Amino acid sequence: MTVLFPKWTNKVPAYLALGAGSAGLLVVLVVSFWFSPKNTDVGYQPYQPISYSHKLHAGSLGMDCRYCHRAVEEGAAASIPDAATCYGCHQHVKKDSIQLESLRAQFVPDAPDDHPVEWIKVHLLPDYAYFNHSVHIAAQVGCKSCHGRVDQMEIVRQVEPLSMGWCLACHRDPAAHIRPLDVSVTNMTWEPNEASKTAAMKLLDWDGDNVPKLNPPTHCSACHR
Ligand code: HEC
Ligand code: HEC
Ligand code: HEC
Ligand code: HEC
Ligand code: HEC
């Protein structure tokens with residue numbers, strides 16, 4: 001028997017229903033369905049142009065994430081460091097390392113290949129989904145909640161699905177992810193406990209002054225603007 005409609009088409013009516021009233025969103029979701037990028041997958045771990053290790057720099061050397069990801073507290077994007085950030089140390093440390101040749105080349109005037117390091121993106125949301133790091137950092141959600149133990153990764157790997165269901169699961173019940181103010185968002189070993197969850201519930205609750213201090217949204221237009 002010929003299969004006229006492959007299994008995936010079963011989902012189309014549901015999408016149509018969801019997108020009702022918004023032709024733009026409809027186009028976007030049909031397109032996203034067909035071209036769902038590989039790099040939104042858990043386990044995605046591309047090799048990078050320089051074998052930079054988070055396990056060494058953030059783990060063994062204990063460097064804070066914000067030394068390199070400087071925009072994470074103020075910006076939507078966390079930002080990837082430029083070569084000068086690395087060169088600050090590597091003009092002194094391991095300065096002849098073969099692994100750092102392409103980095104050094106950028107500081108040689110008129111070098112034949114002085115182009116920036118082209119890091120390959122690991123985490124990537126579709127354009128139609130809005131995400132902002134700074135809001136989450138201000139709410140004391142740690143990097144670990146969304147990126148896992150980066151300090152143990154030789155090569156960065158995606159550990160969470162970054163799907164809508166994943167975003168919403170936390171937005172509906174975020175207490176275990178909200179840290180006390182005296183625990184850094186970049187601390188990789190912190191675990192929630194009863195006291196931290198109770199304190200978080202107070203920030204999320206509105207019986208006190210009727211105004212929630214933290215309010216993770218679940219309405220569509222928060223993330224699809
Ligand atoms: C010495 C600089 C440096 C430090 C410190 C650092 N990173 Fe990075 N990070 C990078 C560079 C360079 C990349 C891009 C190459 C790669 O993916 O390994 C990156 C990539 C990442 C990515 C993947 C970005 C993408 O493309 O999706 C995440 C997530 C990340 N870092 C989180 C962290 C966390 C969490 C910490 C602290 C525990 C941290 N980083 C500390 C330099 C740094
Ligand atoms: C609430 C979840 C969440 C938290 C908390 C979080 N991230 Fe991210 N991160 C994401 C998502 C989602 C993306 C992909 C964003 C995109 O493609 O627009 C991302 C992307 C990145 C990237 C790639 C560059 C970029 O901004 O797209 C880096 C680097 C990164 N995060 C580092 C960090 C660091 C360091 C921390 C802690 C200080 C952190 N993140 C906390 C969810 C989170
Ligand atoms: C705060 C200083 C510091 C910064 C900033 C820094 N590194 Fe390093 N890096 C080190 C130290 C220390 C070592 C380990 C040296 C050793 O093994 O004795 C190292 C080792 C390395 C190595 C291994 C070299 C080899 O031959 O074994 C690479 C590759 C590397 N770093 C890449 C980078 C990149 C890329 C950046 C920028 C994203 C960066 N580093 C930023 C201090 C730094
Ligand atoms: C681990 C928990 C957690 C995860 C995962 C998470 N969020 Fe949030 N998010 C929060 C909390 C807590 C707030 C409330 C912040 C506040 O009220 O100040 C929030 C607020 C927001 C807001 C409203 C603030 C703003 O930026 O306009 C948006 C939008 C948002 N998140 C998008 C996302 C998206 C998209 C994802 C998935 C890619 C995601 N979040 C994943 C915890 C999370
Ligand atoms: C907290 C943020 C958030 C909220 C709220 C949210 N979405 Fe999403 N949505 C996302 C993210 C992130 C994706 C991308 C998921 C992916 O790449 O797998 C997405 C994807 C989608 C898709 C495409 C599905 C697919 O499989 O590609 C549709 C349709 C959609 N959302 C509709 C909605 C509707 C309707 C609502 C309101 C009921 C809503 N969203 C609320 C974050 C959100």
Side-chain angles (χ1 to χ4, degrees), residues 11 14-22 25-26 28-37 39-41 44-59 61-73 75-83 85-86 88-90 103 117-137 139-172 174 177 184-188 216-224:
K11 289 187 180 166
Y15 288 145
L16 289 173
L18 272 178
S22 167
L25 183 61
L26 184 65
V28 147
L29 60 90
V30 169
V31 168
S32 78
F33 190 79
W34 270 304
F35 301 101
S36 182
N39 49 4
T40 58
D41 290 348
Y44 182 57
Q45 184 180 39
Y47 281 95
Q48 299 290 346
I50 295 179
S51 62
Y52 165 77
S53 164
H54 279 83
K55 189 175 176 197
L56 171 68
H57 292 83
L61 298 174
M63 290 175 67
D64 190 274
C65 316
R66 290 163 293 195
Y67 185 100
C68 291
H69 303 295
R70 288 188 189 139
V72 78
E73 285 175 329
S79 75
I80 299 293
D82 59 8
T85 304
C86 313
C89 283
H90 286 291
L103 188 86
V117 182
E118 290 182 16
W119 301 111
I120 297 162
K121 232 176 164 327
V122 186
H123 304 77
L124 189 58
L125 289 178
D127 285 343
Y128 60 83
Y130 173 81
F131 177 80
N132 187 316
H133 272 93
S134 68
V135 177
H136 292 86
I137 301 307
Q140 284 288 105
V141 179
C143 316
K144 190 174 95 171
S145 287
C146 303
H147 296 299
R149 290 296 302 269
V150 177
D151 63 321
Q152 295 179 343
M153 297 178 192
E154 206 70 67
I155 302 174
V156 180
R157 178 177 76 249
Q158 182 173 325
V159 298
E160 297 292 347
L162 308 193
S163 63
M164 180 164 126
W166 173 75
C167 308
L168 286 171
C170 182
H171 280 203
R172 292 196 179 109
H177 296 282
S184 168
V185 287
T186 59
N187 180 322
M188 288 280 128
T218 50
H219 57 276
C220 317
S221 59
C223 304
H224 305 295

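Note that the structure is predicted; figures quoted are calculated from it, not measured. The basis for the numbers below is simple: all heavy atoms, side chains too, and nothing from hydrogens, waters or symmetry mates. Order of appearance sets the numbers: ligands from 1, and atoms from 1 within every ligand.
- Of all the heavy atoms of Val150, none lies under 4.0 Å from any atom of ligand 2, so neither backbone nor side chain is involved.
- To the nearest 0.5 Å, atom CG of residue Leu162 and atom CG of residue Leu125 are 5.5 Å apart.
- The distance from the OG atom of Ser163 to the CG atom of Asp41 is 11.0 Å, given to the nearest 0.5 Å.
- Ligand 2 does not have Cys170 within reach: every non-hydrogen atom of the residue lies 4.0 Å or more from it.
- Under the 3.5 Å distance criterion, the side-chain polar atoms of His171 are matched with a main-chain donor or acceptor of Pro217.
- Counting heavy atoms closer than 4.0 Å to ligand 5, residue Ala222 contributes nothing at all.
- Put simply, the angle at atom 8 (Fe) of ligand 5 from SD in Met164 to NE2 in His224 is close to 180°, to the nearest 10°.
- For atom 42 (C) of ligand 2, the closest non-hydrogen atom of the protein is Phe131 CZ, 3.4 Å.
- Listed for the Arg66 side chain is no donor-acceptor partner under 3.5 Å among the backbone atoms of Val72.
- Listed by number with element, the atoms of ligand 5 under 4.0 Å from a non-hydrogen atom of Thr218 are 5 (C).
- Scanning the protein heavy atoms around atom 28 (C) of ligand 1, the nearest turns out to be Val156 CG1, 4.3 Å.
- Near Val72, meaning under 4.0 Å from any of its heavy atoms, are these atoms of ligand 2: 34 (C), 36 (C), 38 (C).
- Under a 4.0 angstrom heavy-atom cut-off, Thr186 registers as lying outside contact with ligand 1.
- Among protein heavy atoms, the minimum distance from atom 37 (C) of ligand 2 is reached at Cys143 SG, 1.8 Å.
- At a 4.0 Å heavy-atom cut-off, ligand 1 touches Pro81 through the side chain alone.
- Near Val141, meaning under 4.0 Å from any of its heavy atoms, are these atoms of ligand 2: 5 (C).
- For ligand 2, the atoms lying closer than 4.0 Å to a non-hydrogen atom of Ala77 are 26 (O).
- Ranked by closest heavy atom to atom 23 (C) of ligand 2, the top entry among Lys121, His133, His123, Met188 is Lys121.
- Shortest contact from atom 17 (O) of ligand 2 to any protein heavy atom: Leu125 N, 2.8 Å.
- For ligand 2, the atoms lying closer than 4.0 Å to a non-hydrogen atom of Leu124 are 17 (O).
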Test side chain to side chain contact (heavy atoms under 4.5 Å, CB included) on Lys55 and Met153 and set out the steps. CA-CA 5 Å; Lys55 189 175 176 197; Met153 297 178 192; 5.9 Å; no

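- Residue Trp119 touches ligand 1 through its side chain alone, judged by heavy-atom distances below 4.0 Å.
- For the pair Ala78 and ligand 2, the shortest N or O to N or O distance falls below 3.5 Å.
- Under 2.8 Å from atom 8 (Fe) of ligand 1 lies an N/O/S atom of His54, whether from backbone or side chain.
- For the atom pair CZ of Phe131 and CG of Leu124, the computed distance is 12.5 Å after rounding to the nearest 0.5 Å.
- Atom NE2 of residue His54 and atom CE of residue Met63 lie 9.5 Å apart, to the nearest 0.5 angstrom.
- Proximity of a side-chain donor or acceptor of Thr186 to a complementary backbone N or O of Asp64 within less than 3.5 Å is not detected.
- A pairwise comparison of heavy atoms in Ile137 and Val141 identifies CD1-O, 3.9 Å as the closest pair.
- For ligand 1, the polar-atom distance check finds an N/O of His69 within less than 3.5 Å of one of the ligand's N/O atoms.
- Using a non-hydrogen distance threshold of 4.0 Å, Pro126 registers as a contact of ligand 5.
- Interface of Ala129 with ligand 5, defined as ligand atoms under 4.0 Å from a residue heavy atom, comprises 11 (C), 12 (C).
- In this comparison of Arg70, His147, Glu73, His171, the heavy atom closest to atom 39 (C) of ligand 2 sits on His147.
- Taking the ring pair (Phe, Tyr, Trp, His ring centres under 6.0 Å) definition, one finds that His69 meets it with nothing, sequence neighbours left out.
- Taking both residues in full, the closest heavy atoms of Ser145 and His177 are given as OG-ND1, 2.8 Å, listed atom of the first, atom of the second, then distance.
- Counted by atom type alone, Ser134 and Glu73 present zero donor-acceptor pairs between their side chains at under 3.5 Å.
- Under the side-chain hydrogen bond (donor to acceptor under 3.5 Å, both in side chains) criterion, His57 pairs with no residue, sequence neighbours left out.
- In terms of protein heavy atoms, atom 5 (C) of ligand 2 is closest to Gly142 O, 3.4 Å.
- Heavy atoms of Asp64 found under 4.0 angstrom from ligand 1 belong exclusively to the backbone.
- The Met63 neighbourhood of ligand 1 comprises atoms 1 (C), 5 (C), with distances under 4.0 Å to a heavy atom of that residue.
- Looking only at distances, no side-chain donor or acceptor of Gln48 sits under 3.5 Å from a matching main-chain atom of Ile155.
- A donor-acceptor distance shorter than 3.5 angstrom exists from the side chain of Gln158 to the backbone of Glu160, with no hydrogens or angles considered.
- At a heavy-atom distance under 4.0 Å, only side-chain atoms of Cys65, from C-beta outward, approach ligand 2.
- Contact atoms of ligand 1 toward Val122: 25 (C), 26 (O), 27 (O) (distance under 4.0 Å to a heavy atom of the residue).
- Considering every non-hydrogen atom in both Val117 and Pro49, the closest pair reads CG1-CG, 3.7 Å.
- In this structure, Tyr128 is part of the shell of residues with a heavy atom less than 4.0 angstrom from ligand 5.
- Shortest contact from atom 4 (C) of ligand 1 to any protein heavy atom: Tyr52 OH, 3.3 Å.
- In the vicinity of Cys167, heavy-atom distances shorter than 4.0 Å reach the ligand 5 atoms 1 (C), 12 (C).
- For a threshold of 3.5 Å applied to N or O pairs, the pair formed by Val185 and ligand 2 contains no separation below that value.
- In the vicinity of Cys146, heavy-atom distances shorter than 4.0 Å reach the ligand 2 atoms 1 (C), 2 (C), 3 (C), 4 (C), 5 (C), 42 (C), 43 (C).
- Although no hydrogens or angles enter the test, the distance criterion places a donor-acceptor pair under 3.5 Å between the side chain of His224 and the main chain of Tyr128.
- Across Val159 and Cys146, no two heavy atoms sit closer than the pair CG2-O, 4.4 Å.
- For ligand 1, the atoms sitting less than 4.0 Å from at least one non-hydrogen atom of Gln48 are 15 (C), 16 (C), 17 (O), 18 (O), numbered in the order shown with element in parentheses.
- By the 30° and 60° cut-offs, the orientation of the rings of His147 relative to His123 is perpendicular.
- Distance CD1/Ile120 to CD1/Ile80: 11.5 Å, rounded to 0.5 Å.
- Closest approach of Val156 and Pro46 over heavy atoms only: O-CD, 4.4 Å.
- Residue Ile50 places every heavy atom at 4.0 Å or more from ligand 1.
- Counting heavy atoms closer than 4.0 Å to ligand 5, residue Leu168 contributes side-chain atoms (C-beta onward) but none from N, CA, C or O.
- For Cys68, every N, O or S atom stays at 2.8 Å or more from atom 8 (Fe) of ligand 1.
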